[in-house]
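To start, the structure under review is shown below, and the notes come after it.
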Amino acid sequence: MSRYPRRRLLGALVTLLLLAAPVPALARTAAASVPVTVPALTNWAPEQGSYKYGGSARLIVDSAPERRVADTLADDLRAAGRGTVPVVSGGARAGDIVIDVAPTRTALGAEGYELRAGARLSVTGATESGAFYGTRTLLQLLAQGDRIPAGRTVDVPRYAERGVGVCACYIHISTQWLENLVRDMAYNKLNQLLLELKVKSDTHPEANTWGYYTKDEIRRLVALGDKYHVEIVPEINSPGHMDPWIENRPDLQLTDSDGNKQPSRLDITQPAAFDYYTSLIDEYAQVFTGGSWHMGADEYMLGSDFAKYPQILRYAREKYGANATPQDAFIDFVNRVRTYLAAKGKKLRIWNDGLTGANTVPVTEGTTVEHWLNVAVKPSQLLAQGYPLMNAAYALYLVRGGFHTDTKGLYDQSWDPRSFEGEKLASSRGITGAKISLWPDNGRGETENEVAVDTDPALRHVAQATWGDPHPDATYAQFTARGTAVGHAPGRQDLTRVPVADGTYTLRAGAASLTAEVRRTPDGYVTLRTGNGCLEVRGGKLTLNTPLQPGVELTPQTCDAANTLQRWELEQSAEGYRLVNAITRMAVHVTDDGRLVQYPPDQRPSAVWHLTTVH
């Protein structure tokens, strides 16, 4: 005889039927009992009552993985103003939150979870990651109030890779901005951040042009990614787009038939070039601890062609025979990098546009191809050849001062990761997922804070399209209302806060002094209007339309509200304020003769300014 009364058996059966039955998108949105989340819950079985979060809540755990999830949740609850919640072992009581990692729950997969709300609330995953994502849903629900309607959901992602790509490769992006991104990604259940950037090198100091990151900065960011289950994938683009690394190494630059050096192209025929690149991989491995590496492999012959470089064809034929093509030398370089990485336990990722079909040598099996451009070799062909394929479509790009993804249009057409540039696939088989990509083609086109506003809806959209139903609400306005309801991740820094009121101030740093009207800009920086104009960085070498040369002097120029180089961050410290340019991300340094110049903070001491109001 069952130990459950018939009524409870019938109730359990009804619950199972509710979970199994498809729920129309409109009904899911309209039903008041369905919790609002991003991504939207794919199913919800309501029950009577509600869970009430209060001051007596505890986080209940029994194992080390559960404790790690609970510790992160406790940090986030505290950051959200929800008090200090103890993490304890033992039996649960009403009001508690139970974190459960149950490997036997294999149906939940690597990242799925079950959330059940009632007198107490429980989050269960088959893995630590699954339980973690359940706590993100919990945080979103608590962002809307202390009461969560009673019920149960099983929430499993459709795609394994759900990401964002950021090129901080030329234009430095503040670590605070990147930390905010990691937190918001995890909050929306995104799990992969591609970072194309430069780590300041001890091995190759000649490559340390701005804007690099110190190893300690990257270690902190990677640790944050580990805490929030965001894999951070580093990229050094090669063998094209190598100018940030080889502009001071002409010996490694590809030389054309006229004797002209190509500072953006690595000479793939040189053993020294391969050794140089792999030495950078080794140095990056000191701070990037994940299992993936992105080598780019895009646009190697952008603006030119292999015919200008006969040494490449010669190299290919010497290695692969008389029928080899120049493209085989390019693929050979990719494969040699992959072999080097595999020996170190890392997997390779590349962009798709270098795979033109003109090669006789295939890319090594298992290399993940990220498809962004419509070229001769289509996504279906890459899948048929056995390559894991990620959708990094140009339609998902956000370019500073340029193209911005049409998130509303994509949502209205129910875009999902099967929709590649040039081809829509019928099946998701072999597709790892999708990501939005942020590029700085016009480095001064937008500030970081403006980029954050632009990115927010696109981030939530790709989170929805890679986790669950790509069109959970009848209208785009209803979908964006979800984002408004759940807000941003706990612990996210407000980078638009200006620490002083608008007004006229005297700014003093040592012997340097200037009087300026300080005025907040709509994106959360300030302009400094002096008697001769607004303080601006101007001069020196331009990279992506941006003066990134250290030592460039600050000069008053005609005030222009659209000129982002006239915007400054007032970075507050215990001693006073630092002035950091919103675009170049270099701080103001005062020279011995009193001039104001920009420098990375690790190259010259940043001036500390004291502000006095001028009445």
In terms of heavy-atom contacts, V486 and V36 come closest through CG1-O, 3.8 Å
Could you tell me the separation between the CG atom of N188 and the CZ atom of R482, rounded to the nearest 0.5 Å? 12.0 Å
Side chains of P547 and L542: does their closest heavy-atom pair fall under 4.5 Å? yes
Heavy-atom closest pair, residues N237 and M242: O-SD, 2.9 Å
Derivation and outcome, side chain to side chain donor-acceptor pair (under 3.5 Å), residues H241 and E299: CA-CA 8 Å; H241 296 298; E299 300 181 329; 2.6 Å; yes
Spatial distance of atom OH (Y577) from atom NE2 (H610) [nearest 0.5 Å]: 10.5 Å
Answer yes when R158 and D416 have at least one side-chain N-carboxylate O distance shorter than 4.0 Å, and no when they do not. no
Check whether NZ of the Lys or CZ of the Arg R162 lies under 6.0 Å from the centre of the six-membered ring of Y133 and within 45 degrees of that ring's axis. yes
Step by step, would you call H229 with N191 a side chain to side chain donor-acceptor pair (under 3.5 Å)? CA-CA 6 Å; H229 295 253; N191 64 357; over 6 Å; no
For residues Y284 and W293, establish whether the separation of their ring centroids is below 6.0 Å. yes
Could you check if a side-chain atom of R460 sits within less than 4.5 angstrom of a side-chain atom of Y411, using non-hydrogen atoms only? no
Is the closest side-chain heavy-atom distance between L528 and L579 below 4.5 Å? yes
Walk me through it: do E553 and T555 pass the test side chain to side chain donor-acceptor pair (under 3.5 Å)? CA-CA 6 Å; E553 192 167 353; T555 56; over 6 Å; no
Side chain of N248, backbone of A207: donor and acceptor closer than 3.5 Å? no
To the closest 0.5 Å, what do you measure between OG1 (T496) and CD (Q493)? 11.5 Å
Short question: side chain of E217, backbone of Y213 - any donor-acceptor pair under 3.5 Å? no
Mark yes or no for whether W210, through its side chain, and T584, through its backbone, hold a donor-acceptor pair below 3.5 Å. yes
Kindly give the heavy-atom pair with the smallest separation between K200 and T214, and that separation in Å. CB-CA, 4.5 Å
Does any donor atom in the side chain of R183 or Y228 lie under 3.5 Å from an acceptor atom in the other side chain? yes
Verify the neighbour count for atom CG of D593: are there more than 12 heavy atoms of other residues, nucleotides or ligands below 6.0 Å? yes
What are the two closest heavy atoms between P39 and A463, and how far apart are they? CG-O, 3.5 Å
cation_pi(R567, Y525) dist<6.0 Å, angle<=45: no
Contact check, side chains of D523 and T564, non-hydrogen atoms, under 4.5 Å: no
Any donor-acceptor N/O pair, Q413 side chain to G409 backbone, under 3.5 Å: yes
For E421 and A395, the nearest pair of non-hydrogen atoms, with its separation, is OE2-N, 2.8 Å
Given the rule in the side chain to side chain contact (heavy atoms under 4.5 Å, CB included) test, do T480 and T407 qualify, once you have shown the distances and angles that lead to the verdict? CA-CA 10 Å; T480 57; T407 304; over 6 Å; no
Passing option when E247 is tested against K541, K198, K261 for salt bridge (Lys or Arg N to Asp or Glu O under 4.0 Å): K541
In terms of side-chain geometry, is the basic nitrogen of R400 or E450 positioned less than 4.0 Å from the acidic oxygen of its partner? no
Stepwise, does the side chain to side chain contact (heavy atoms under 4.5 Å, CB included) test hold for R136 with T72? CA-CA 10 Å; R136 301 306 93 183; T72 300; 4.1 Å; yes
So, the side chain of N581 versus the backbone of M586: is there a donor-acceptor pair under 3.5 Å, distance only? no
Would you check if the side chain of E235 reaches a backbone N or O of L194 as a donor-acceptor pair within less than 3.5 Å? no
Aromatic contact, H471 with F479 (centres under 6.0 Å): no
Could you check if a side-chain atom of L396 sits within less than 4.5 angstrom of a side-chain atom of L410, using non-hydrogen atoms only? yes
Quick one: do the T530 and N532 side chains pair a donor with an acceptor below 3.5 Å? no
Would you call D216 and R220 a salt bridge, taking side-chain N to carboxylate O under 4.0 Å as the test? no
Please assess Y187 against R492 for the test side chain to side chain contact (heavy atoms under 4.5 Å, CB included), listing each intermediate value before the final yes or no. CA-CA 10 Å; Y187 193 58; R492 186 179 190 271; over 6 Å; no
Test item: Q464 side-chain N/O and A40 main-chain N/O as donor-acceptor pair under 3.5 Å: yes
When you look at CZ of R519, are more than 12 heavy atoms from neighbouring residues, nucleotides or ligands closer to it than 6.0 Å? no
K227, NZ atom: more than 12 neighbouring heavy atoms under 6.0 Å: yes
Is there a donor-acceptor pair closer than 3.5 Å between any side-chain N or O of W245 and the backbone N or O of Y276? no
Contact between P417 and T466 at the side-chain level, heavy atoms closer than 4.5 Å - yes or no? yes
Once you round to the nearest 0.5 Å, how far does CD of Q598 lie from CG of L565? 9.0 Å
Reported CD-to-NZ distance for the pair E370 and K435, which is rounded to 0.5 angstrom: 3.0 Å
Going by an N to O cut-off under 4.0 Å, is there a salt bridge joining E283 and K215? yes
Under 3.5 Å: donor-acceptor pair, side chain of H204, backbone of D202: no
Separation between CG of N374 and OH of Y394, rounded to the nearest 0.5 Å: 13.5 Å
Are the side chain of D502 and the backbone of R520 linked by a donor-acceptor contact shorter than 3.5 Å? yes
Can a donor-acceptor pair be found between the side chains of Q262 and Q253 at a distance below 3.5 Å? no
How close do A587 and S606 get, heavy atom to heavy atom, and via which atoms? CB-OG, 3.3 Å
Are the side chains of Y212 and S201 in contact, using a 4.5 Å heavy-atom criterion? no
Does some side-chain heavy atom of I436 sit less than 4.5 Å from a side-chain heavy atom of T405? no
Could you walk me through whether I218 and L195 pass the side chain to side chain contact (heavy atoms under 4.5 Å, CB included) check? CA-CA 11 Å; I218 297 302; L195 285 181; 5.5 Å; no
